[in-house]
Amino acid sequence: MDTLRPFPKLPATPREFGFYIDGAWHAGREMFERASPGHGVAVSRIPRCTSDDLNAAVVAARNAFEDRRWAGISGAARAAVLLRAAEILKRRRSEIAYWESLENGKPISQAMGEIDHSIACFEIGAGAARMLHGDSFNSLGDDLFGMVLREPIGVVGLITPWNFPFLILCERVPFILASGCTLVVKPSEVTSATTLLLAEVLEEAGLPKGVYNVITGSGRSIGQALTEHPDVDMLSFTGSTAVGRSCVHASADSNFKKLGLELGGKNPIIVFADADLEDAADAAAFGISFNTGQCCVSSSRLIVERSVAAEFEALLAAKMAKIRVGDPLDPDTQVGAITTDAQNQVILGYIAKGQAEGAKIAIGGTVKDLGHGQYIQPTLFTGVTPEMAIARDEIFGPVLCSMPFDTVEEAIALANDTVYGLAASLWTKSIDKALTVTRRVRAGRFWVNCIMAGGPEMPLGGFKQSGWGREAGKYGVEEYTQIKSVHIETGKRNHWIA
Ligand code: TXE
């Protein structure tokens, strides 16, 4: 396994990338530049693809699907490619983490951890490729036998966001490939590099041409066109609720393509008075600061039992004061830069709004000036009430709102008082409270006495307006399949015509 040190440097000139269709690299006719949000220095040049490029990518993926060069080989053969990809990722770990950190602004040590998680996704995907199977019915009587086949759904469009460009990609690609589907990926325009690097990895791993294609460019043009494309069978989208909604319209107005959607969250962390408060405070600090809070499963609403609320908020504020905000390329940094200018403005806008609404800043609330890039100190608001915008909207930044509760019922009601349902974390030593709250809070991922734990064996996805479908693990692979019922008669037919 390669290492982080020496401290990596910025590239001397921006690296120019091509886009990838049918196993071949293409130069962009028009390019756009991405500056590192931690330094304000141009680091990459990315092609602005056209609708012709998109159509070529879909044709390549369609041909690769229909001639069965991928769907027609054994699960074991697909698994071998995925395992080789995992090995190549181990070799290229720090290089991919470097580009992830440069374009996104996340700490390089965190990016390394995400590559490790991505490697695990390929390993689990390989297992899933071998284990994917249907079902049989031996209960239809002696003259009829039933089989349920799982077949790959076909050509998948994959649109990914900028907060975890490589991790979110890898929570999907190995499972899409395991199912036998082919795909066209459109990464976020601000973080395209590592999605393109994955094409190199998969090519070296022996993935047949045309199975993995990448087009780059803006969401509004090329992304929208992918959602509307009549020859794409399924679309997996991760991003804002607004664009998720437009994916639903695009599907209805084109070919009713199946949709997988992972959208916003306003996730509760519920702390009971009987919890280990030191552990819970550490988890709450991590849950809101990890990836600068630009994380769909960030725990952004602290719901804390009133009898310990003041003590807990003080403990948490003291811990948050020690978080190391700094240069993303410094291996000791815990919280890096805000990824886009627009997101920086959104977060600062909510910090101002929270104060205007009457909430109090217990810690943070300010920008951190490193002389380059855009950084915000992790922020804790106390005295928050449920109707405040900071308690309702997905801020997508390191801003935590604390609200007290008195009873278990009140904690459940507060936790469910959101249009979202992506994740929840719960802290208590009582098995009764743990089970009651876990069963009653509507969220797709639940962490009891832990936070953001688990691996790609476990499914991920949301309740309510946080999305449709599940990714990763056995459930993730099955999302990319469709089911065919096969009836086989044995013996002589009972004739209809006498
Ligand atoms: O997301 P967009 P943005 C939330 C978060 C954030 C907000 C806005 O609250 O503040 O969304 O972020 C592509 N048709 N999340 O504006 O626009 C785009 O190119 C098809 C939550 O960056 O949704 C990118 O590849 N595609 C979230 C991807 O969609 C379109 C992660 C996401 O961008 C498109 C990110 C269109 N019309 C943001 N417009 C999570 N759940 O983790 C854009 N895109």
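Counting starts at 1 for both ligands and their atoms, in listed order. Along the sequence shown, residues carry numbers from 1.
- Residue-ligand proximity, Pro161 to ligand 1, at heavy-atom distances under 4.0 Å covers atoms 31 (C), 35 (C).
- For Met452, the CE atom is densely surrounded, since the number of other residues' heavy atoms within 6.0 Å is greater than 12.
- Cation-pi check for Arg15 over Trp99 is met; the charged atom lies under 6.0 angstrom from the ring centroid and within 45 degrees of its normal.
- When hydrogens are left out, the protein atom nearest atom 22 (O) of ligand 1 is Trp162 NE1, 2.4 Å; that is the closest non-hydrogen contact.
- Distance remark: protein heavy atom not present below 4.0 angstrom from atom 33 (O) of ligand 1.
- Every atom of ligand 1 with a heavy atom of Ser188 under 4.0 Å away is listed here by number and element: 24 (C), 25 (O).
- Residue pairs meeting the ring-ring contact (aromatic ring centres under 6.0 Å, His included) criterion with at least one member in residues 372-393, sequence neighbours excluded: His39-His372.
- Counting only heavy atoms of the protein, atom 8 (C) of ligand 1 lies nearest to Ser240 CB, 4.0 Å.
- Within the set Leu263, Thr238, Thr227, the minimum heavy-atom distance to atom 41 (N) of ligand 1 is found for Leu263.
- Listed by atom number, the atoms of ligand 1 under 4.0 Å from Glu189 heavy atoms are 18 (C), 19 (O).
- For atom 29 (O) of ligand 1, the nearest non-hydrogen atom of the protein is Phe237 CE1, 3.2 Å.
- Counting the atoms of ligand 1 from 1 in the order shown, those under 4.0 Å from a heavy atom of Lys186 are 18 (C), 19 (O), 25 (O).
- Ranking the protein heavy atoms by distance from atom 17 (O) of ligand 1 puts Val243 CG2, 3.8 Å first.
- Checked against a 3.5 angstrom limit, the closest N/O atoms of Ser218 and ligand 1 fall outside it.
- Taking 4.0 Å as the cut-off between side-chain N and carboxylate O, Lys209 and Glu203 do not count as a salt-bridged pair.
- Between Ser402 and Glu313, the side chains place a donor N or O and an acceptor N or O closer than 3.5 Å (distance only, hydrogens not considered).
- Although no hydrogens or angles enter the test, the distance criterion places no donor-acceptor pair under 3.5 Å between the side chain of Lys464 and the main chain of Leu422.
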Apply the test side chain to side chain donor-acceptor pair (under 3.5 Å) to residues Asp393 and Tyr350: give CA-CA distance (whole Å), side-chain angles for both, the deciding distance (0.1 Å), then the verdict.
CA-CA 9 Å; Asp393 300 350; Tyr350 273 109; 2.6 Å; yes
As a quick check of understanding, evaluate side chain to side chain contact (heavy atoms under 4.5 Å, CB included) for Arg445 and Met458, giving each step before the final call.
CA-CA 9 Å; Arg445 265 202 280 185; Met458 299 281 280; over 6 Å; no
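- Within the 4.0 Å heavy-atom cutoff, Val346 does not count among the residues contacting ligand 1.
- Taking the six-membered ring for Trp and thresholds of 30 and 60 degrees, Tyr212 and Tyr20 have ring planes inclined between 30 and 60 degrees apart.
- Nearest to atom 36 (C) of ligand 1 by heavy atom, out of Cys247, Ala225, Gly265, Gly219, is Gly219.
- Near Pro187, meaning under 4.0 Å from one of its heavy atoms, ligand 1 places the atoms 25 (O).
- For the pair Lys353 and Glu357, the salt-bridge criterion is not met [side-chain N within less than 4.0 Å of a carboxylate O].
- When Glu394, Glu262, Gln224 are ranked by how near their heavy atoms come to atom 4 (C) of ligand 1, first place goes to Glu394.
- Residue contacts with ligand 1 do not include Ala250, since none of its heavy atoms lies under 4.0 Å from the ligand.
- Annotation for ligand 1: atoms under 4.0 Å from non-hydrogen atoms of Gln343 are 6 (C), 10 (O).
- At the shortest separation from atom 28 (C) of ligand 1 among protein heavy atoms lies Thr160 O, 3.7 Å.
- A search for side-chain hydrogen bond (donor to acceptor under 3.5 Å, both in side chains) contacts involving Thr382 returns nothing, not counting sequence neighbours.
- Scanning all protein heavy atoms for the shortest distance to atom 40 (C) of ligand 1 gives Cys296 CB, 3.5 Å.
- With a 6.0 Å radius and a threshold of 12 heavy atoms from other residues, nucleotides or ligands, Tyr475 has its OH atom at or below the threshold.
- At a 4.0 Å cut-off, not a single heavy atom of Phe164 sits close enough to ligand 1 to count as contact.
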